[in-house]
Amino acid sequence: MNRRTGEFSAIFGMLRLAALWLAMLLAMAAALSPAWAAESSKCGVGLALWGDGRHDDTAALNAWFRGDPVFWGRTGREVGPQIADRVFRLSLPIFIPSGTGRSIVHFQFIWPERKELVSGGMIAAGADPKQPPVASGLTKIGAGPDEGVPFPSVTPRPAPHGDRADCLVS
């Protein structure tokens with residue numbers, strides 16, 4: 001191997017290493033961007049809600065029903081008072097308090113670990129905190145007889161603006 005070939009080989013090796021590092025950084029950025037968006041929106045302003053059936057939406061959906069600000073994970077736009085035609089992957093119970101004015105229609109709640117599905121119709125929290133939420137047209141698969149039945153509870157209040165005490169990943 002002559003000197004020129006050795007220099008070329010060293011330069012080529014350095015370029016390959018730089019390209020490998022660049023590819024790894026780009027892959028990490030692509031993998032972290034949805035998590036970063038969820039983390040920054042959730043901890044800065046509100047939780048990220050996906051409604052795509054792939055992400056765990058438990059924390060964000062509970063916050064939305066509670067009246068907290070929640071943003072769509074894909075667009076960053078604030079979720080309005082009504083949600084329609086979405087699929088939510090969940091890992092824990094969903095609590096729907098009265099008085100928040102939130103409603104959800106044509107949806108699916110899926111708990112894959114428990115093999116449960118609730119779909120349907122409509123659930124409306126209403127504006128009166130003294131009246132229970134109204135549910136109609138729901139189909140339940142794998143759910144127990146007492147699941148999905150309204151019961152009296154203390155109405156949770158939205159978290160104070162800027163409160164970062166409950167900063168969970170959605």
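The first residue in the sequence is number 1, and the count goes up from there. Everything numeric in this text was worked out from a predicted model, so none of it was measured.
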Sidechain-backbone polar pair: [X] side chain, [Y] backbone, donor-acceptor under 3.5 Å:
X	Y	answer
Ser98	Lys130	no
Asp128	Gly99	no
Asp57	Phe88	no
Asn62	Pro93	yes

Could you give the distance from [atom1] ([X]) to [atom2] ([Y]), rounded to the nearest 0.5 Å?
X	Y	atom1	atom2	answer
Arg114	Ser91	CZ	OG	9.0 Å
Ile83	Phe107	CD1	CZ	10.0 Å
Ile123	Ile104	CD1	CD1	6.5 Å
Ile94	Phe65	CD1	CZ	7.5 Å
Arg89	Trp111	CZ	CH2	12.5 Å
Gln108	Thr139	CD	OG1	9.5 Å

Q: Please report the closest heavy-atom contact between Ala59 and Leu47, naming both atoms and the distance.
A: O-CD1, 3.2 Å
Q. What closest approach, in Å, do Asp68 and Arg102 show between heavy atoms, and which atom pair accounts for it?
A. O-NH2, 3.9 Å
(Q) Are there over 12 heavy-atom neighbours, none belonging to Arg74, within less than 6.0 Å of that residue's CZ? (A) no
Q.
Looking at Arg54 and Asp52, is any side-chain nitrogen of the basic one under 4.0 Å from a carboxylate oxygen of the acidic one?
A. yes
**Q.** Val105 reachable from Val134 in the ILVMFWY side-chain graph, under 4.5 Å edges
**A.** yes
Q) With a distance cut-off below 6.0 Å to the six-membered ring centre and an angular limit of 45° from the axis, does Arg86 pair with Trp50 as a cation-pi contact? A) no
Q. Side-chain contact, heavy-atom cut-off 4.5 Å: Val79 with Phe71?
A. no
Q: Could you check if a side-chain atom of Trp64 sits within less than 4.5 angstrom of a side-chain atom of Thr100, using non-hydrogen atoms only?
A: no
Q: Determine the sole option in Leu61, Leu138, Val87 for which the side chain to side chain contact (heavy atoms under 4.5 Å, CB included) test with Phe109 is passed.
A: Leu61
**Q.** For Asp85, all residues meeting side chain to side chain contact (heavy atoms under 4.5 Å, CB included), sequence neighbours excluded
**A.** His106
